[in-house]
Amino acid sequence: MRITALAGGIGGARFLTGVRAARPDAEITVIGNTGDDITLHGLRICPDLDTVMYTLGGGISAERGWGREDESFVVSGELAAYGVGPSWFGLGDRDLATHLVRTQMIDAGYKLSDVVTALCDRWRPGVRLLPMSDDRVETHVIINDDQGRRAVHFQEWWLKLRASVPAEAILSVGAAESAPAPGVLDAIAAADVVLIGPSNPVVSIGTILSVPGIAAALRVTLAPVIGISPIIGGAAVRGMADACLKAIGVETTARAVGAHYGGRHRDGETASAPERKGTSGGAERELGHGLLDGWLVDVVDADVAADPDAIPGATVKAVPLLMTDLEATVAIVEAALELAGV
Ligand code: GDP
Ligand code: FO1
Ligand code: CA
């Protein structure tokens, strides 16, 4: 079976451990978010790709959920002693080696997707990890505080300001001129099922979808597309997704995020995609404007699943969605695959 998943960092990576454990023989392709990428000290840093790679490769810090286990921060401390920041971005010594290899390769002319392949040669994550794009796409946030109205890099807003200053807008800089990385569109088109992980809907999934061609590929793939809500009981499980959703005018509820992604089918219209894979979503219905055939919400949001009009064009199911351990995460993946009918 071919499974393609869209993923951000910590939430996405944890979900992927469940995908891999649920279907160890599947060919799993991960389309990763690169909008969080930042250049510091001349080094190109790709937090979400690294989080997926380290998590699936067994090198992640279990405590932090980002960066390396058994990490030290000697270089960071030395930089701070020179007064060289930023102090709000933790660069571990082990992690630095990854950024050095990546930056050297990029400077030598390799594409980001080649770099990811080379790094995964060491970490063996058991999935094919693809950046959403080889082009530079960066999330920037428009804020207005005592220093005036300005754009800051997403990492500055998220880590330094802890998203405490409201975002007037969240921009995917460079997205309009970017193209999907090699293999991305094929992985969506040739999948047996596409999973939209429980990642941040704005700055992880939204950024991946901002690359021209990716959302369109999701709308027309023959594979069922199933999303997993990162919002449970009106709040993000971890992090400040609330502040991101506010910026795009979407409520922090499983219903609103599902409706934001949208159902793939138009009610009452028939028979344009009889060859679609799986059973869920209905071969008899025509493709609509949204992305989802199915949307998993948590059991505390069972009212969304009980309302047939909650997300027109998608089937909503309520199952426990807390990824408390691997077993619970595998159960979420099984529910997603069952909803997909694969
Ligand atoms: P980031 O790049 O590190 O911020 O990670 P992602 O974008 O991949 O995922 C962040 C999202 O994961 C947050 O919005 C959380 O609500 C969500 N999340 C974290 N843990 C869980 C969980 O156990 N269950 C669900 N459903 N979502 C979770
Ligand atoms: N997250 C933090 O909360 N603080 C950090 O200092 C930090 C450093 C960092 C370094 C490398 C890396 O791969 C990830 C890192 N993260 C850190 C996580 C990451 O930057 C963000 O949590 C996500 O990108 C938010 O979506
Ligand atoms: Ca991220």
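In this chain, residues are counted from 1 in sequence order. Atoms within a ligand are numbered from 1 in the order they appear, just like the ligands themselves.
The N/O atoms of L159, backbone and side chain alike, include none that comes under 3.5 Å of an N/O atom in ligand 2. By the 3.5 Å distance cut-off applied to N or O atoms, D36 is counted among the residues near ligand 2. Polar contact check, W158 against ligand 1: no nitrogen or oxygen pair lies under 3.5 Å apart. By the 3.5 Å distance cut-off applied to N or O atoms, W66 is counted among the residues near ligand 2. Annotation: L322 places no N or O atom under 3.5 Å from an N or O atom of ligand 1; distance criterion only. The shortest N or O to N or O distance between Q155 and ligand 2 is below 3.5 Å. At a 3.5 angstrom cut-off on N or O pairs, I228 does not count as close to ligand 1.
Put simply, the side chain of L321 does not reach to within 4.5 Å of the side chain of P198, judged on heavy atoms. With a 4.5 Å cut-off on side-chain heavy atoms, W157 and C244 count as touching. Counting only heavy atoms from C-beta outward, the side chains of T98 and M53 approach each other to under 4.5 Å. Counting only heavy atoms from C-beta outward, the side chains of V19 and V127 never approach each other to under 4.5 Å. In this structure, the side chains of T34 and C46 stay at 4.5 Å or more apart for every pair of heavy atoms.
Each of the following atoms of ligand 2 lies closer than 4.0 Å to a heavy atom of R162: 3 (O). Numbered from 1 in the order shown, with element, the atoms of ligand 1 that lie under 4.0 Å from a heavy atom of R238 read 13 (C), 14 (O), 15 (C), 16 (O). Ligand 1 places these atoms under 4.0 Å from at least one heavy atom of N200: 6 (P), 7 (O), 9 (O), 10 (C), 11 (C). Within ligand 1, the atoms closer than 4.0 Å to a non-hydrogen atom of L321 are 22 (C), 23 (O), 24 (N), 25 (C), 26 (N), numbered from 1 in the order shown. Interface of A236 with ligand 1, defined as ligand atoms under 4.0 Å from a residue heavy atom, comprises 16 (O). Close approach of ligand 1 to A241 (heavy-atom distance below 4.0 Å) involves ligand atoms 14 (O). Heavy-atom contacts of D48 reach the following atoms of ligand 1: 2 (O) (cutoff under 4.0 Å). Listed by atom number, the atoms of ligand 1 under 4.0 Å from G11 heavy atoms are 5 (O), 6 (P), 8 (O), 9 (O), 12 (O). Atoms of ligand 2 found under 4.0 Å from any heavy atom of G90 (numbered from 1 in listed order, with element): 5 (C), 6 (O), 8 (C), 9 (C), 10 (C).
Heavy atoms of V203 found under 4.0 angstrom from ligand 2: none, in either backbone or side chain. When heavy-atom distances to ligand 1 are checked against a 4.0 Å cut-off, S204 comes that close only through its side chain, counted from C-beta outward. The residue A13 has no part lying near ligand 1, judged by heavy-atom distances below 4.0 Å. If you look at I10 next to ligand 1, the close heavy atoms, those under 4.0 Å, come from the backbone and the side chain alike.
Rounded to the nearest 0.5 Å, atoms CE (M132) and CG (L112) are 9.5 Å apart. Atom CD1 of I28 is separated from atom CG of L16 by 8.0 Å, given to the nearest 0.5 angstrom. Atom CZ in R23 sits 15.0 Å away from atom CD in E27 (nearest 0.5 Å).
Around CD of E251, the count of heavy atoms belonging to other residues, nucleotides or ligands within 6.0 Å does not exceed 12.
Salt bridge annotation for R150-E168: absent, with no cationic side-chain nitrogen under 4.0 angstrom from a carboxylate oxygen. A salt bridge links R264 with D293: the distance from a Lys NZ or Arg NE/NH1/NH2 to an Asp or Glu carboxylate oxygen falls below 4.0 Å.
Among P320, G9, P47, the residue whose heavy atom lies nearest to atom 6 (P) of ligand 1 is G9. Here atom 12 (O) of ligand 1 lies nearest to P198 when heavy atoms of G12, P201, P198 are compared.
Nearest N/O/S atom of D36 with respect to the Ca ion (ligand 3) is recorded as OD2.
Each of T4, T29, T117 was compared with R128 under the side-chain hydrogen bond (donor to acceptor under 3.5 Å, both in side chains) criterion, and only T29 meets it.
Within the 4.0 Å heavy-atom cutoff, W88 counts among the residues contacting ligand 2. Not a single heavy atom of R238 sits closer than 4.0 Å to an atom of ligand 2.
In this pair, Y54 and W123 present their aromatic rings perpendicular. The plane angle is above 60°, beyond the 30 to 60° band.
With 3.5 Å as the limit, one finds a donor-acceptor pair spanning the side chains of S172 and S210.
The protein heavy atom nearest to atom 13 (O) of ligand 2 is P47 CA, 3.2 Å.
Distance screen at 4.0 Å: atom 4 (O) of ligand 1 has no protein heavy-atom neighbour inside the cut-off.
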